[in-house]
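Treat the numbers as computed from the prediction; the structure is a model and nothing was measured.
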Amino acid sequence: MVLSYTADPSDLKNFRPISLLPFPAKVIEKTVNKQLTTFLEDNNLLDPSQTGFRTNHSTETALISVTDDIRTLMDNGETVALILLDHSAAFDTVCHRTLITRLRSTGIQGQALDWIASFLSNRSQRVYLPPFRSEPTEIICGVPQGSSLSPTLFNVYMSPLANIVRKHDIIITSYADDTQLILSLTKDPARAKTNLQEGMKDVADWMRLSRLKLNSEKMEVLILGNTPSAWDDSWWPTALATAPTPTDHARNLGFILDPLLTMTKQVNAVSSACFLTLRMLRKIFHWIPADTRKTVTHALVTSRLDYGNTLYAGATAKLQNRLQRIQNASARLILDIPRSSHISAHLRHLHWLPVSKRITFRLLTHAHKALYYKGPEYLNRRLSFDVPTLLLRSSGLALAAVPRIRRSTAGGRSFSFLAAKTWNSLPTSLRTTQDHSAFRRLLKTWLFEQR
């Protein structure tokens, strides 16, 4: 373990482990991880709510799931608590003995299980604080940092948590060690309070048995809806740490959520960061060719616009225009054109869709995966094709079933509603294209042609 020269050596939190892994081992571990992942996925042995380090899963799909659940509840007039749990050094505290037991329960036996046990054992660590170096100490817990196999093993280790939470009628979505819990506060307050208190107690007990620990400093509660007073400290189990104070916004998986999911704070943060970066790039771009400018700008600016942009679907035109100004400024900087010039032709030259169409593109690519069962299970179940009871001419048009909503500012902005409604506006030839790569290519062409 090492410590930065600028950090306080008396604070143990400033120490960070660095794994020294030989290259041949990484190659073998990658092969084993591929086989293990295939076994787990083919046999549905990983909990559907765990979205970290899995094919076709991402932080964006996790955010879509969380916001869609919240907006569905808010559409019914309910006030919702979003509880963000964080585990202290979760990857470093995985108990090897418990992990082997959970692997065995999935059906992994014999030489495969022995190999994984050997992979975890006989590792050592030392602390290096120049000029001092400690003696090596055997590692009895944790998965090796930097190994491709470690995240998969961690997912297996965390799998039981979701079932424990769902027993108490609490919605759960996880990304690695970041766990999001969703609970309606107003539908049946007495039962909801009991569910939360008993559920959190069971979570704490399970984590203690699993040698894990909740990080109370990073735990957050965000109350969403029209009656934030529905939550008070009495909701939190007295056996746990001090009840977290509800915040006016929460950063979840790199995205800032506000109590009404307007995305205003997120757009403010993206706008501030992007324009700061553009001002810095402007100082050096005079000496950089246009192709390199485009690559650098995408890496540092437009990638911020694209991250989680599905969540901007249904946002106000004012917020989307603010994001569009970032894209316009990026294009002008790359092409070195004046601010007074019309931007549309230059965006087409860069082959960039405007922000509103980029949002639509991302929304529809997720919809395509969900409808054709190529995405995460928790998104697949949110969309379905409309199957008429009678044999009608629309039977073969691949139309999506549009759910009924009550509030345009809640259900009307949910993924389930917007994705289905936008999907049905596509030409039939696009809706019936099942190959995802072909669909993306045809969709982008179609969006470029739309005025």
Side-chain angles (χ1 to χ4, degrees), residues 60-61 64 68 263 267 270-271 274 294 297-298 301-332 334-335 337 341-372 374-375 379 382-383 385-386 393-394 396-403 405 408-409 411-451:
E60 183 172 359
T61 60
I64 292 172
D68 193 63
M263 303 305 167
V267 172
V270 169
S271 179
C274 287
K294 184 177 179 180
T297 304
H298 175 70
V301 180
T302 59
S303 60
R304 288 178 178 267
L305 292 178
D306 290 337
Y307 177 66
N309 60 359
T310 306
L311 276 68
Y312 298 131
T316 63
K318 181 179 179 181
L319 288 180
Q320 293 193 18
N321 287 338
R322 291 189 62 189
L323 297 175
Q324 184 60 56
R325 286 196 288 272
I326 299 172
Q327 189 188 53
N328 294 348
S330 301
R332 290 190 173 100
I334 292 170
L335 300 175
I337 55 178
S341 62
H342 193 64
I343 198 64
S344 298
H346 298 292
L347 293 179
R348 292 184 69 89
H349 173 72
L350 292 169
H351 207 61
W352 285 359
L353 286 169
V355 167
S356 61
K357 292 184 178 180
R358 291 171 87 92
I359 294 170
T360 301
F361 176 82
R362 196 67 176 164
L363 177 71
L364 288 172
T365 54
H366 283 302
H368 183 272
K369 286 185 177 181
L371 288 168
Y372 288 104
K374 297 176 181 177
L379 289 193
R382 297 174 194 274
L383 292 178
F385 286 114
D386 187 16
R393 285 183 297 176
S394 61
L397 299 182
L399 295 170
V402 181
I405 60 167
S408 59
T409 56
R413 294 183 56 198
S414 66
F415 172 80
S416 302
F417 175 79
L418 278 177
K421 184 178 178 181
T422 310
W423 174 268
N424 290 346
S425 67
L426 291 175
T428 305
S429 58
L430 268 175
R431 294 198 302 268
T432 54
T433 301
Q434 297 190 27
D435 181 76
H436 189 66
S437 298
F439 174 79
R440 286 173 58 93
R441 184 175 62 255
L442 294 171
L443 175 61
K444 191 169 185 178
T445 301
W446 183 76
L447 288 172
F448 266 116
E449 294 172 350
Q450 302 305 300
R451 293 292 181 182

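Partners of D306 by salt bridge (charged side-chain N to carboxylate O under 4.0 Å, His left out), not counting sequence neighbours, listed by chain and number: R358.
Summarising the geometry of P403 relative to S416, their closest heavy-atom pair is CD-O, 3.7 Å, with the distance given to 0.1 Å. Across all non-hydrogen atoms, the minimal contact from V355 to Q327 is N-OE1, 3.6 Å. Listed here is the closest heavy atom pair of I326 and S271: CD1-CA, 3.5 Å. Minimum interatomic distance between A419 and A367 (heavy atoms only, all atoms of both residues): CB-CB, 4.0 Å. Between A398 and T432, the shortest heavy-atom contact is CB-CG2, 4.0 Å. Across all their heavy atoms, Y312 and L305 have their closest contact at CE1-O, 4.1 Å.
Checking side-chain atoms of S414 against main-chain N and O of D68 turns up no donor-acceptor pair under 3.5 Å. A donor-acceptor pair under 3.5 Å is absent between the side-chain atoms of E60 and the main chain of L311, judged by distance alone. A donor-acceptor contact shorter than 3.5 Å is absent between the side chain of N424 and the backbone of L399. With hydrogens and angles disregarded, no donor-acceptor distance shorter than 3.5 Å links the side chain of R362 to the backbone of G308. The closest donor-acceptor contact from the side chain of K374 to the backbone of Q434 lies under 3.5 Å. Side chain of K357 to main chain of Q450: a donor-acceptor pair is present (N/O by atom type, distance under 3.5 Å, no hydrogens or angles). Of the possible polar contacts, none joining the T297 side chain to the K294 backbone as a donor-acceptor pair under 3.5 Å is found. Remark: side-chain polar atoms of R413 are paired, donor with acceptor, to backbone N or O of G314 under 3.5 angstrom.
Rounded to the nearest 0.5 angstrom, N328 CG and I343 CD1 are separated by 5.0 Å. Between atom CG of residue L371 and atom CZ of residue R431 there is a gap of 11.0 Å, rounded to the nearest 0.5 Å. Note that the CG atom of L363 and the OG1 atom of T422 stand 5.0 Å from one another [nearest 0.5 Å]. Interatomic distance, CG of L364 versus CG of L418, reported as 10.5 Å (0.5 Å rounding). Considering CZ of F361 and OG1 of T310, their distance stands at 10.5 Å, rounded to 0.5 Å. With values rounded to the nearest 0.5 angstrom, Q320 atom CD is found 12.0 Å from M263 atom CE.
Under the 30°/60° scheme for interplanar angles, the aromatic rings of H368 and H436 are found to be tilted.
Looking at F448 and H351, their side chains come closer than 4.5 Å, going by heavy atoms from C-beta outward. A heavy-atom distance below 4.5 Å is not found between the side chains of H346 and L350. Side-chain contact between L426 and L443 is present, with at least one heavy-atom pair separated by less than 4.5 Å. Contact annotation: the side chain of K444 never approaches that of R440 to less than 4.5 Å [non-hydrogen atoms, C-beta and beyond]. I334 places none of its side-chain heavy atoms less than 4.5 Å from the side chain of H349.
Each of F439, F415, F417 was checked for a ring-ring contact (aromatic ring centres under 6.0 Å, His included) with W423, and the lone residue meeting it is F439.
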Mind running ring pair (Phe, Tyr, Trp, His ring centres under 6.0 Å) on F385 and Y372 for me, showing each step along the way? CA-CA 9 Å; F385 286 114; Y372 288 104; 5.3 Å; yes

